[in-house]
Amino acid sequence: MRLLLLNPNTSAAMTARMEAAAAAALAPDAVLTALTAARGLPYIASRAEAQLAGAAVLETLAEHQAGFDAAIIAAFGDPGLTAARELFDLPVVGMAEAAMLTACQLGQRFGIVTFSGTLLPWYEDAVALAGLSARCACVRAVAAGFRSVTEVQHELEAEIVALANRAVTEDGADAVILAGAPLTGLAARIGDAVPVPLVDPLAAALGQAQALVRLGARPARAGRFARPPAKPATGLAPALRRWIERDDA
């Protein structure tokens, strides 16, 4: 089984951290290839930045999808997820949706805790897009600042633990998602400090991607995710243009 991990951020250090953390979530027959966005932002923190990252996701998938069984979009707000599912034939999993669906299997209501207030509107939109607003107890962010996004989970560990506990005691969360690629791996480290299950979005996405492959999921030929008809395209990245125009379909 070949899995493609797409980091829509331009931070190679973040990609390396996720690739290392992924090893614990992979079955013995699964092989992961991790790619970092060639253009964009070091980390995505707004809806505008997510739109730019979504375009990069489509370009990267068009160029590298061949030979892979599933793809994971490794940014919590799932930039480009819906469009990728519509355009490509392999299963595409987003970390936010995967984490929320996993959390719904662990409790009635989940909380989302992240490291920056700038992320909140985008993450709230991700909850609504997944159709899970009624199951979401809260979306909270640490108020303290940080120096390095690649080290934020260490800089703000105490604050994140405290906020996760508040999501339980004040908001009634039955499970807490630690949201944002920079928090990958933190759930395993602080699990004993929070009295409900913690969900690592990357681990959730990898688990679901492998499950979809084993289920033999096939691309839709009708409905909301059927591939759009071919049409001419101008100015797009070559691989994406060819895919849309069906030159190599």
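Numbers for residues simply follow the sequence, beginning at 1.
- Under the 4.5 Å side-chain heavy-atom criterion for grouping Ile, Leu, Val, Met, Phe, Trp and Tyr, L6 is not connected to W122 through any hydrophobic cluster.
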Please lay out, stage by stage, how L129 and L81 fare under the test side chain to side chain contact (heavy atoms under 4.5 Å, CB included). CA-CA 11 Å; L129 182 63; L81 176 62; over 6 Å; no
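- In terms of heavy atoms, P8 sits closest to A37 at O-CB, 3.3 Å.
- The shortest side-chain heavy-atom distance between K231 and I244 falls under the 4.5 Å cut-off.
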Check the pair D174 / V196 against side chain to side chain contact (heavy atoms under 4.5 Å, CB included), numbers first and verdict last. CA-CA 6 Å; D174 302 309; V196 300; 5.6 Å; no
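- The aromatic rings of F115 and F146 sit perpendicular to each other, their planes meeting at more than 60°, with 30° as the lower class boundary.
- By the 4.5 Å heavy-atom criterion applied to side chains, Q208 and T102 are counted as neighbours.
- Transitive grouping of hydrophobic side chains (ILVMFWY, heavy atoms separated by less than 4.5 Å) keeps L206 and V57 in distinct clusters.
- Linking ILVMFWY residues whenever their side-chain heavy atoms come closer than 4.5 Å, directly or via other members, places L87 and I73 in the same cluster.
- A donor-acceptor contact shorter than 3.5 Å is absent between the side chain of D200 and the backbone of T184.
- Hydrophobic cluster of L52: the remaining members, joined at side-chain heavy-atom separations below 4.5 Å, are L41, listed by chain and number.
- Between the CD atom in E124 and the SG atom in C136 there is a gap of 8.0 Å [rounded to 0.5 Å].
- With hydrogens and angles disregarded, a donor-acceptor distance shorter than 3.5 Å links the side chain of E245 to the backbone of A233.
- Checking side-chain atoms of R140 against main-chain N and O of T114 turns up no donor-acceptor pair under 3.5 Å.
- Side-chain contact between R135 and Q108 is present, with heavy atoms from C-beta onward closer than 4.5 Å.
- L132 is listed as a side-chain neighbour of C104, based on a closest heavy-atom distance under 4.5 Å.
- Note that CG of L90 is 6.0 Å distant from CD of Q65, once rounded to the nearest 0.5 Å.
- Remark: L240 CG to L58 CG distance equals 6.0 Å, nearest 0.5 Å.
- From E170, atom CD reaches atom CG of N165 across 10.0 Å, with rounding to the nearest 0.5 Å.
- Rounding to the nearest 0.5 Å gives a distance of 8.5 Å between CZ of R242 and CD of E63.
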Identify every side-chain donor-acceptor pair in residues 156-164 under 3.5 Å, counting partners at least two apart or on other chains, and give the distances.
from	atom 1	to	atom 2	distance (Å)
E157	OE1	R189	NE	3.2
E157	OE1	R189	NH2	3.0

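- In this structure, the side chains of W243 and L61 stay at 4.5 Å or more apart for every pair of heavy atoms.
- Counting all heavy atoms, side chain and backbone alike, I72 lies closest to A205 at CG2-CB, 3.8 Å.
- Although no hydrogens or angles enter the test, the distance criterion places a donor-acceptor pair under 3.5 Å between the side chain of R85 and the main chain of V92.
- Note: the hydrophobic cluster containing L198 also contains L202 (ILVMFWY, side chain heavy atoms under 4.5 Å, direct or indirect links).
- Annotation: Q51, atom CD; neighbour count of heavy atoms from other residues, nucleotides and ligands within 6.0 Å does not exceed 12.
- Across all their heavy atoms, R246 and P228 have their closest contact at NH2-O, 2.5 Å.
- Formation of a donor-acceptor pair under 3.5 Å by the D78 side chain with backbone atoms of A98 is not found in this model.
- For the side-chain contact (heavy atoms from CB on, under 4.5 Å) test with Q210, the passing option among L3, V93, D69, L215 is L3; the others fail.
- Remark: side-chain polar atoms of R241 are not paired, donor with acceptor, to backbone N or O of P232 under 3.5 angstrom.
- With contacts defined as side-chain heavy-atom distances shorter than 4.5 Å, the pair F68/T33 qualifies.
- Using a distance-only test at 3.5 Å, with no hydrogens or angles considered, a donor-acceptor pair links the side chain of E49 to the main chain of A45.
- Here the closest heavy-atom approach between residue P91 and residue L212 is recorded as CB-CD1, 4.1 Å.
- The minimum heavy-atom distance between G180 and F76, with the atom names listed, is N-CB, 3.6 Å.
- Summarising the geometry of L120 relative to A141, their closest heavy-atom pair is CD2-CB, 3.8 Å, with the distance given to 0.1 Å.
- Residues F225 and L101 do not share a hydrophobic cluster, defined by chaining ILVMFWY side chains whose heavy atoms lie under 4.5 Å apart.
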Cut-off 3.5 Å, no hydrogens considered: what does the side-chain donor-acceptor table look like for residues 11-31, sequence neighbours left out?
from	atom 1	to	atom 2	distance (Å)
S11	OG	M14	N	3.1
T15	OG1	N7	ND2	2.7
T15	OG1	S11	O	3.2
T15	OG1	T36	OG1	2.6
R17	NH1	T150	O	2.5
R17	NH2	T150	O	2.9
D29	OD1	R214	NH2	2.7
D29	OD2	R214	NH1	3.2
D29	OD2	R214	NH2	3.4

